[in-house]
Novice: 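This is the structure I have questions about; it appears just below.
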Amino acid sequence: MVGQTPAQHSGIHRSIHYTIIEGEAAGTWRYSFSIGDRNFSGTVQAVLGLLAARRVRMKIDRMLRQNATIDHQGRQRVEKEAETPAPLVPPADPKD
């Protein structure tokens, strides 16, 4: 890659913008994307940029599924807390 700029791909998958840049080693691609306020980056092994993009899209899907599971479990806990009835209080003694 002497005198050449590294290959670069970018795209949007499920409303998430991602960027892929060819690494220094052959077949290595660096990626980055953000979901909410969290940033994700790393490397994937692929001969072609399009294959690397597919692997990054799969990572995005995995992260979105994990976030959905966490959100669903959190919402489920809140709903259960709201549904718990108040503790039973014995009736007041009419003699008091």
Side-chain angles (χ1 to χ4, degrees):
M1 286 186 33
V2 175
Q4 295 179 2
T5 59
Q8 183 174 357
H9 298 275
S10 63
I12 298 175
H13 179 66
R14 299 191 189 272
S15 301
I16 306 296
H17 183 267
Y18 64 89
T19 303
I20 304 168
I21 301 173
E22 188 176 15
E24 295 181 17
T28 302
W29 296 81
R30 292 179 298 160
Y31 68 87
S32 65
F33 61 90
S34 298
I35 298 177
D37 59 348
R38 295 184 61 194
N39 296 321
F40 299 92
S41 62
T43 59
V44 293
Q45 298 291 321
V47 177
L48 301 172
L50 293 176
L51 180 57
R54 181 171 188 266
R55 291 183 176 163
V56 171
R57 288 192 303 266
M58 290 169 56
K59 286 182 182 287
I60 291 171
D61 288 338
R62 190 176 317 121
M63 297 309 295
L64 289 173
R65 268 194 311 273
Q66 287 177 355
N67 285 346
T69 303
I70 291 168
D71 289 345
H72 177 68
Q73 289 173 349
R75 244 185 258 126
Q76 201 172 33
R77 283 190 204 117
V78 171
E79 290 171 3
K80 284 183 181 179
E81 290 172 2
E83 292 174 5
T84 55
L88 296 176
V89 178
D93 192 15
K95 296 178 186 176
D96 288 335

Novice: What donor-acceptor contacts under 3.5 angstrom involve side-chain atoms of residues 34-51, with partners at least two apart or in another chain?
Specialist:
{"residue": "S34", "atom": "OG", "partner": "N39", "partner atom": "OD1", "Å": "2.4"}
{"residue": "Q45", "atom": "NE2", "partner": "T28", "partner atom": "OG1", "Å": "3.4"}

Novice: Between Y31 and K59, is the side-chain contact (heavy atoms from CB on, under 4.5 Å) condition met? List the steps.
Specialist: CA-CA 10 Å; Y31 68 87; K59 286 182 182 287; 3.4 Å; yes

Novice: Distance check, rounded to the nearest 0.5 Å: I12 atom CD1 versus Y18 atom OH?
Specialist: 9.0 Å

Novice: What's the separation between atom CZ in R62 and atom CD in Q66, rounded to the nearest 0.5 Å?
Specialist: 7.5 Å

Novice: Looking at residues at least two apart in the chain, or sitting in another chain, which of them share a ring-ring contact (aromatic ring centres under 6.0 Å, His included) with H9?
Specialist: W29

Novice: Verify side-chain contact (heavy atoms from CB on, under 4.5 Å) between D61 and H13, making sure each step is shown before the conclusion.
Specialist: CA-CA 9 Å; D61 288 338; H13 179 66; 2.8 Å; yes

Novice: I need the minimum non-hydrogen distance between H17 and F33, along with the two atoms involved.
Specialist: O-CB, 3.5 Å

Novice: Mind checking what makes side chain to side chain donor-acceptor pair (under 3.5 Å) contact with R30, not counting sequence neighbours?
Specialist: none

Novice: Under a single-linkage definition using a 4.5 Å side-chain heavy-atom cutoff for Ile, Leu, Val, Met, Phe, Trp and Tyr, are I21 and V56 assigned to the same hydrophobic cluster?
Specialist: no

Novice: How long is the span from the CD1 atom in I60 to the CZ atom in R14, to the nearest 0.5 Å?
Specialist: 10.0 Å

Novice: To the nearest 0.5 Å, what is the distance between CD1 on I20 and CZ on R54?
Specialist: 12.5 Å

